[in-house]
Amino acid sequence: MGKIKVVHYINQFFAQIGGEEKADFPAQLRKGEVVGPGLALTQAFGDEAEITATIVCGDSYFNENIESATKQILDWVKEEAPDVFIAGPAFNAGRYGVACGTVADAVQSELNIPSVTSMYVENPGADMFKDKVYIVSTKNSAAGMRGAIKALAPLALKLAKGEKIGASCEEGYIPQNIRVNFFEKERGSRRAVDMLLKKLAGKPFTTEYPMPVFDRVAPNPAVKDLSKATIALVTSGGIVPKGNPDHIESSNASHFGEYDITGVMDLTAETYETAHGGYDPTYANQDADRVLPVDVLRDMEKEGVIGKLHHLYYATVGNGTAVASAKAFAEEIGRRLVADHVDAVILTST
Amino acid sequence: MKLELGKILIHDICFAEKSEIRDGVLYVSKEELEKIVMQEEGIQSVSFDIAKPGESVRITPVKDVIEPRVKVEGPGGIFPGMVAGVETVGSGKTYALKGMAVVTAGPIVGFQEGVIDMTGPGAEYTPFSKTLNLVMVCTPVPGLEAHDYESAVRLSGFRVAAALGELARELQPDETVVYECSDLKESFEKYPGLPRVAYVQMLQSQGLLHDTYVYGVDAKKILPTLLYPTEVMDGAIVSGNCVSACDKNPTYIHENNSVVEDLFAQHGKTLNFVGQIVTNENVYLADKERSSNQTAKLCRMLGLDGVIVSQEGFGNPDTDLIMNCKKIEAEGIKTVIITDEYAGRDGKSQSLADADVAADAVVTGGNANELVILPKLDKVIGTLAYINKIAGANAETLREDGSLAVELQVITGATNETGFGRLSAR
Amino acid sequence: MVKEIERAGIPVVHMCTVTPISMTVGANRIIPAIAIPHPLGNPALTPADEKKLRRRLVEKALKALTTEVDGQTIFKD
């Protein structure tokens with residue numbers, strides 16, 4: 001295999017054309033040229049890769065002509081057909097960062113050429129594109145060039161070769177809201193002791209899992225007249241017809257079940273059970289009404305307290321089930337309930 | 001409280017007429033051990049097998065892993081309240097058989113038993129691919145109720161481990177480590193300048209297959225209590241649980257608790273290791289609140305500066321973890337928590353069921369939902385009959401070529417939350 | 001799950017034991033249940049008493065559904 005081909009994107013400043021006064025410099029393709037930070041990249045690549053072309057573009061020009069500039073750059077990159085596309089590093093230059101993110105994302109998604117860029121974590125481009133392309137984290141000024149190149153070059157080579165990309169802290173990219181496993185050098189207990197000693201000494205430490213922020217949904221208006229309302233049951237407690245006909249997994253369920261309870265007045269040990277692997281199943285298996293209260297709702301339906309119990313119920317297993325899956329199940333369940341004109345839902349969890 | 005832990009290094013295990021340890025080799029008489037196991041009426045039969053590191057062997061469904069130990073000097077016996085009396089342990093002299101483990105296996109009790117691979121990619125994730133494993137596969141008498149079956153297998157495992165430990169009583173340990181933890185008053189005077197640190201260990205206590213025992217007491221019935229950290233080295237805490245195999249603490253992990261070890265390593269140097277608090281993870285909200293309140297209270301009583309909290313399991317115990325963290329931090333005590341994650345196969349989901357800003361120092365054992373392919377191995381100890389059912393597997397787990405497509409969840413110890421392993425995630 | 005059904009436009013009441021998780025994930029109408037393995041039951045009771053207990057809990061849930069709320073609310077007794 002020959003050398004890996006790289007196309008490199010930089011702005012007018014790093015191409016030594018000029019600063020702010022030259023920011024309207026239009027996009028330019030320099031075939032066969034290695035410019036500015038490209039020299040450091042070339043050095044870091046050694047014999048493995050070479051920059052076959054450099055694209056230079058003024059930051060103002062790019063941001064004022066995003067569509068046409070992106071298209072022009074895409075055409076050039078397509079022509080050059082590199083193995084990997086690198087943009088930046090942009091450090092804390094906001095418009096440069098946005099430009100790097102935009103072109104890297106476009107090259108990757110439209111040309112299927114792996115792309116990587118690099119900037120400071122607070123660069124607005126980082127937030128906009130960190131989920132879309134790998135962004136190597138840098139210091140907030142060009143003084144961090146050496147460190148940036150040290151992480152950027154090997155990551156670019158890995159991408160070009162299609163190798164497995166490790167966790168953000170190993171490869172030096174800005175976390176993408178995707179959790180990636182890897183083996184640390186020290187075992188967890190040792191890392192906990194070290195982290196505690198730092199925390200006690202008031203020294204900086206890095207948590208391995210930053211706490212998330214949850215979104216909220218406004219409550220829907222209350223049910224006006226229960227005696228006319230259709231109430232549906234949904235559960236994450238894994239109540240399924242005996243034998244678990246849909247094979248819902250005991251943990252991290254991949255789907256949910258929809259079950260018809262027309263004519264079912266009471267859930268019994270002979271007819272229903274739980275598929276949930278996260279709690280002691282004895283009680284639910286003896287009497288699944290303990291999780292899914294079909295018996296009392298049937299009574300209330302008879303008495304006219306509620307209009308009716310919806311003839312379908314929905315069940316999945318909440319145990320170790322990814323939030324994204326649960327979300328997808330509930331979206332689909334919600335759609336079906338709306339289509340069936342259900343007025344309200346009782347959702348039980350174990 | 002001072003405990004001398006003598007290590008007897010075991011280099012090999014063989015079956016023989018008579019059980020003994022000679023020149024670092026453990027000879028095991030199946031007959032003798034079978035007699036011990038058959039004391040349990042619930043067990044119909046037992047078979048023994050040996051799995052060595054690097055062999056093409058898969059053990060499943062794994063219930064517990066136990067390190068054989070024997071109490072040589074000092075009060076009490078190994079596994080107090082289980083197969084020994086209830087004297088307070090943790091002082092004197094104890095010998096441990098290092099480099100080996102007793103693994104209990106058998107037809108499934110619940111959903112959450114594990115897999116140990118002795119070679120291949122699965123072996124990377126389990127600490128028990130590096131031990132010589134004496135596996136006991138127990139079959140229950142037909143119709144035995146699940147709780148009784150679990151108890152029978154658990155107790156037999158401890159009896160076998162204790163019997164093997166007994167073989168070392170008269171031997172000379174290959175190496176000895178001394179662990180010493182001062183009393184409160186003494187430790188205050190001895191290390192005036194060092195931060196006072198304790199370990200808060202959360203124990204699974206959610207019901208069948210999710211229980212842990214402290215001196216024989218079901219942990220769901222305890223109020224949080226205080227131990228000398230050497231007590232666990234004599235088996236004061238044992239596992240009766242099979243929460244997802246990846247993040248439950250088998251008895252072996254309790255005996256060799258790595259938070260205890262790593263805090264001892266810094267004891268008297270950078271910190272003063274004051275003690276170990278054990279608490280539970282119950283299914284009632286009032287219990288969760290009571291236990292976390294009491295835990296925070298004990299931390300305050302001990303005049304602590306810092307605490308490491310370890311979790312066991314996931315899901316609703318995430319709430320116990322966050323409650324403990326929040327309430328201990330509210331006492332002005334710096335807290336680091338150890339957990340693991342269920343971020344989905346793609347790693348894009350919320351990792352924990354609960355969250356709070358107080359939890360700003362987290363160590364993670366990795367994403368238990370990561371999918372791994374475990375190639376077919378030559379030999380299975382136990383049975384693959386249940387593999388599609390255990391937590392972390394699904395109907396398609398066992399593939400045509402005999403390989404398994406599973407989440408890390410099924411691998412015993414893969415994402416351990418006492419920080420036993422090196423796996424992590426970002 | 002609660003949140004997505006609420007988002008679909010149907011009022012939903014969440015009956016669960018670990019109400020802090022329910023709060024964290026963003027349910028709006030929350031009824032504290034009995035215990036994780038039996039949220040709507042108590043095996044220690046006689047079947048008749050147990051059903052009464054369940055009925056009371058479900059009545060509370062229905063009441064919550066007919067009650068306007070402006071934010072996350074745990075319906076205690």
Side-chain angles (χ1 to χ4, degrees), chain A residues 166-170 175-201 205-214 247-254 275-283 318-327 350, chain B residues 110-112 195 197 206-208 210 244 258-259 261-263 266 270-271 283 305-306 308 314-315 334 336 338 341-351 355-357 359-370 389-392 394-395 407 409 418-426:
Chain A
S168 53
C169 63
E170 292 178 291
Q176 303 187 302
N177 297 327
I178 297 175
R179 303 296 290 172
V180 180
N181 283 343
F182 71 104
F183 286 98
E184 283 272 10
K185 286 188 193 69
E186 302 285 353
R187 65 182 181 181
S189 50
R190 173 69 192 277
R191 302 194 318 266
V193 172
D194 290 348
M195 198 183 287
L196 182 62
L197 287 171
K198 283 184 188 158
K199 196 170 170 178
L200 283 167
F205 61 89
T206 310
T207 182
E208 297 178 3
Y209 174 67
M211 284 290 135
V213 184
F214 293 90
H247 306 288
I248 297 177
E249 296 86 350
S250 61
S251 180
N252 197 6
S254 64
H276 198 291
Y279 64 89
D280 185 340
T282 315
Y283 311 110
N319 183 38
T321 296
V323 177
S325 320
K327 194 174 151 153
T350 46
Chain B
F111 294 113
Q112 308 201 324
V197 172
Q206 306 232 315
L208 171 68
H210 294 68
S244 284
S258 62
V259 177
E261 270 184 26
D262 288 339
L263 283 173
Q266 292 299 320
T270 57
L271 55 81
V283 294
D305 300 301
I308 292 174
F314 63 96
K334 300 276 191 288
V336 171
I338 313 178
E341 305 179 42
Y342 286 76
R345 289 186 178 179
D346 59 5
K348 288 182 182 169
S349 282
Q350 199 73 62
S351 295
D356 192 86
V357 286
D360 63 355
V362 183
V363 167
T364 170
N367 177 16
N369 291 135
E370 186 184 86
K389 280 193 188 167
I390 61 180
N394 58 48
E407 293 184 10
Q409 266 197 79
T418 63
F420 200 79
R422 292 189 297 110
L423 191 68
S424 184
R426 289 293 188 285

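Per chain, numbering begins at 1; letters A, B, ... match sequence-line order. We use all heavy atoms of the structure for the numbers below, so side chains are in, but hydrogens, waters and symmetry mates are not.
You'll find the side chain of B:L271 stays beyond 4.5 Å of the side chain of A:L200, heavy atoms only.
Heavy atoms closer than 4.5 Å to chain A are found in the side chain of B:I338, but not in its backbone. If you measure heavy-atom distances from B:S351 to chain A, the contacts under 4.5 Å come from both the backbone and the side chain. Both the backbone and the side chain of A:N181 come within less than 4.5 Å of a heavy atom of chain B. Interface residue A:F183: backbone and side-chain heavy atoms are both found under 4.5 Å from chain B. For a residue to count as touching a neighbouring chain, one of its non-hydrogen atoms must lie under 4.5 Å from one of that chain's; by this rule B:V283 does not touch chain A. Neither the backbone nor the side chain of A:K327 comes within contact range of chain B; no heavy atom of the residue lies under 4.5 Å from a heavy atom of that chain. In this structure, chain B has a heavy atom under 4.5 Å from the side chain of A:L197, while its backbone stays farther away.
The backbone N or O of B:K389 lies less than 3.5 Å from a partner atom in the side chain of A:S250, making a donor-acceptor pair. In this structure, A:R179 contributes its side chain and B:A425 its backbone to a donor-acceptor pair below 3.5 Å.
Checked against A:V193 for a side chain to side chain contact (heavy atoms under 4.5 Å, CB included), the options B:T270, B:I308, B:V363, B:V336 give a single hit: B:I308.
The shortest non-hydrogen separation linking A:M211 to B:V362 is CE-CG2, 3.9 Å. A pairwise comparison of heavy atoms in B:G392 and A:S251 identifies N-CB, 3.9 Å as the closest pair. Closest approach of B:S424 and A:E184 over heavy atoms only: CB-CG, 3.5 Å.
Interatomic distance, B:K334 NZ to A:L196 CG, rounded to the nearest 0.5 Å: 10.0 Å. Between B:R426 atom CZ and A:E208 atom CD the span is 4.0 Å, to the nearest 0.5 Å. Put simply, OG on B:S349 and CD1 on A:I178 are 11.0 Å apart, with the number rounded to the nearest 0.5 Å.
Per-residue heavy-atom pair counts under 4.5 Å with chain A were compared for B:S258, B:G366, B:G344, and the maximum is reached by B:S258. Ranked by heavy-atom pairs shorter than 4.5 Å toward chain B, the options A:S325, A:A326, A:C169 are led by A:C169. Across A:H247, A:R190, A:K199, the residue that shares the most heavy-atom pairs under 4.5 angstrom with chain B is A:K199. Put simply, of B:N367, B:N394, B:V259, the one with the most heavy-atom pairs under 4.5 Å next to chain A is B:N367. For chain A, the option among B:R345, B:Q409, B:Q266, B:E341 with the highest count of heavy-atom pairs below 4.5 Å is B:E341. If you tally non-hydrogen atom pairs under 4.5 Å between each of B:A395, B:G315, B:A359, B:A343 and chain A, the highest count goes to B:A359. Highest contact tally toward chain A, considering only B:L423, B:N369, B:V197, is held by B:L423 [criterion: heavy-atom pairs under 4.5 Å].
By the salt bridge (Lys or Arg N to Asp or Glu O under 4.0 Å) test, A:R187 is found to be paired with B:E261, B:D262, residues two or more places apart in sequence or in another chain being considered.
Side chains of B:E407 and A:N252: a donor-acceptor N/O pair is present below 3.5 angstrom, by distance only.
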